[in-house]
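Chain naming here is simple, since letters A, B, ... match the order of the sequence lines and numbering starts at 1 in each.
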Amino acid sequence: MTTLFQKQAKTLTIASWNVNSVRARLPVLESWLRLHNPDVVCLQETKCEDKNFPTEVFSDLGYNSAHFGQKTFNGVAILSKFPFDEIVRDIPNLEHDQARYIEAGISAFGQYFRVASIYVPNGQEVGSDKYDYKLKYLEALRLHMQHLLSYDEMALFCGDYNIAPTDNDVYDPASWHEKILCSTPERKAFAALTHLGYTDILGFVAPPPYTWWDYRAGSFQKNQGLRIDHILASPKASDRVLFNETKVDKDVRGLEKSSDHAPVIVALTL
DNA sequence: ATGGTAGGCTCCCTA
């Protein structure tokens with residue numbers, strides 16, 4: 001028997017998945033959404049313009065969608081069972097170049113929270129122009145996340161950060177030593193985000209769950225993976241995280257025509 | 001030092 005004054009705890013599930021082309025991934029993505037039915041989904045590498053985003057497929061599954069895309073490369077989206085109160089495309093005060101960041105304010109069960117879907121540049125090779133761009137991008141992201149901390153909200157920054165935070169997140173640390181995704185400046189840039197006060201939610205799972213396996217050389221079959229997809233939670237959000245329901249859905253990576261990344265999933269109690 | 005696969009799109013780039 002509940003009273004008017006008793007609040008019922010609700011669980012909110014949020015998933016993040018680099019799908020490596022939303023249109024190529026539709027069969028796998030659609031069946032995965034039907035099976036897991038997460039409340040909010042952050043997608044990266046949609047690889048299409050807004051006009052080609054399959055909005056109807058997701059609305060048929062009960063999702064509102066917000067997409068920020070471009071032709072051929074990059075592209076990020078947020079799907080939500082709850083309506084969007086606010087949508088921000090691109091990191092504010094960053095000169096627009098590539099579609100890699102979208103953020104939404106969402107109200108669920110009478111509570112407001114913020115979710116961002118992020119696709120950090122890969123960087124290609126340490127010392128390259130693309131590597132410099134990656135580090136600049138991470139600094140702009142840090143400044144934005146620092147600013148948002150002052151809002152004191154529940155906030156989740158989900159996506160493909162293209163950084164393995166420690167050697168524990170790499171199948172063969174010796175062969176990846178100071179290579180792209182693992183170099184010290186990249187790791188310092190990632191640590192700078194957690195040092196702001198955000199929690200790397202998957203970092204508490206043991207053993208560290210890999211989220212990406214190269215398509216090449218049978219990496220998945222040999223479990224030669226890296227943990228590069230992350231969910232960073234603000235203090236108010238991390239207080240609500242159900243850590244035993246935090247995971248990577250490795251199974252879907254083994255399906256035919258799947259992405260080279262697996263989805264990461266977190267649950268919050270509201 | 002290089003190759004291996006996948007996606008989008010053009011005979012190559014990004015990952």
Side-chain angles (χ1 to χ4, degrees), chain A residues 16-32 42-55 57 67-77 90 96-102 117-138 141 158-165 169-183 185-187 189-190 210-230 248-264:
Chain A
S16 179
W17 196 1
N18 179 326
V19 288
N20 183 23
S21 171
V22 70
R23 289 177 292 176
R25 214 58 60 215
L26 269 184
V28 165
L29 179 56
E30 205 179 334
S31 64
W32 191 83
C42 296
L43 302 175
Q44 297 88 37
E45 279 207 88
T46 57
K47 292 187 173 179
C48 68
E49 294 176 288
D50 291 349
K51 65 181 181 189
N52 295 323
F53 189 75
T55 307
V57 174
H67 182 241
F68 180 40
Q70 66 184 89
K71 201 179 176 188
T72 311
F73 304 119
N74 311 316
V76 283
D90 234 342
H96 176 65
D97 188 4
Q98 305 180 358
R100 295 180 174 275
Y101 184 95
I102 189 168
S117 180
I118 312 168
Y119 178 47
V120 172
N122 170 282
Q124 198 165 64
E125 193 183 348
V126 175
S128 66
D129 289 349
K130 291 192 173 71
Y131 182 76
D132 293 342
Y133 180 74
K134 178 179 195 174
L135 294 178
K136 284 200 182 80
Y137 197 91
L138 286 162
L141 178 63
C158 311
D160 178 2
Y161 285 75
N162 267 316
I163 300 171
D169 304 304
V170 183
Y171 68 93
D172 181 4
S175 71
W176 283 84
H177 180 69
E178 294 299 338
K179 295 285 197 325
I180 199 68
L181 315 184
C182 299
S183 73
E186 291 169 89
R187 286 178 168 174
F190 185 78
Y210 300 147
T211 66
W212 172 77
W213 298 259
D214 200 309
Y215 279 126
R216 298 166 291 190
S219 301
F220 182 69
Q221 287 68 28
K222 291 181 269 185
N223 197 29
Q224 296 181 337
L226 275 70
R227 187 174 76 93
I228 58 175
D229 299 83
H230 309 296
V248 173
D249 181 15
K250 189 180 168 183
D251 293 344
V252 74
R253 174 64 179 81
L255 300 179
E256 282 293 309
K257 291 288 285 180
S258 200
S259 172
D260 48 350
H261 294 252
V264 300

### Query
Nearest to the side chain of Tyr215(A) - dA6(B), dG4(B), dC9(B)?
dA6(B)
#### Entry: Interatomic distance where CG belongs to Asn122(A) and P belongs to dG7(B) [whole Å]
17 Å
### Message
Could you tell me how far apart Glu49(A) (CD) and dC9(B) (P) are, to the nearest whole angstrom?
### Response
8 Å
### Query
How many Å lie between CD on Glu45(A) and C1' on dC9(B), as a whole number?
15 Å
### Which residue lies more 5' along DNA chain B, comparing Asn162(A) with Thr46(A) via nearest heavy atoms
Thr46(A)
### Message
Counting the atoms with a prime plus P, OP1 and OP2 as sugar-phosphate, which does Arg253(A) contact under 4.0 Å by heavy atoms, base, sugar-phosphate, or nothing?
### Response
nothing
### Message
Please verify the inter-ring angle class for Trp176(A) with Tyr171(A); under 30° counts as parallel, over 60° as perpendicular, anything in between as tilted.
### Response
perpendicular
### Query
Within this structure, what is the CG-to-P distance between Leu181(A) and dA15(B), rounded to whole angstrom?
11 Å
### Query
In terms of ring plane angle, is the pair His261(A) and Trp212(A) parallel, tilted or perpendicular, where the classes change at 30° and 60°?
tilted
### Message
Tell me the interatomic distance from Lys71(A), atom NZ, to dG7(B), atom P, rounded to whole angstroms.
### Response
19 Å
### Query
Just how far, in rounded Å, is C1' of dG7(B) from CD of Glu256(A)?
16 Å
### Summary
Whole-Å distance, Gln224(A) CD to dT5(B) P, equals 15 Å
### Query
Would one find a side-chain N or O of Arg216(A) under 4.0 angstrom from OP1 or OP2 of dT2(B)?
no
### Task
Nearest whole angstrom, please: distance from the C1' of dG7(B) to the CG of Leu29(A).
16 Å
### Message
Using 30° and 60° as the class boundaries, would you call the ring planes of Trp213(A) and Phe220(A) parallel, tilted or perpendicular?
### Response
perpendicular
### Phosphate-side-chain proximity, Lys257(A) and dG7(B), N/O vs OP1/OP2 below 4.0 Å
yes
### Message
What contact category does Phe220(A) fall into here, base, sugar-phosphate, or nothing, at under 4.0 angstrom with non-hydrogen atoms?
### Response
nothing
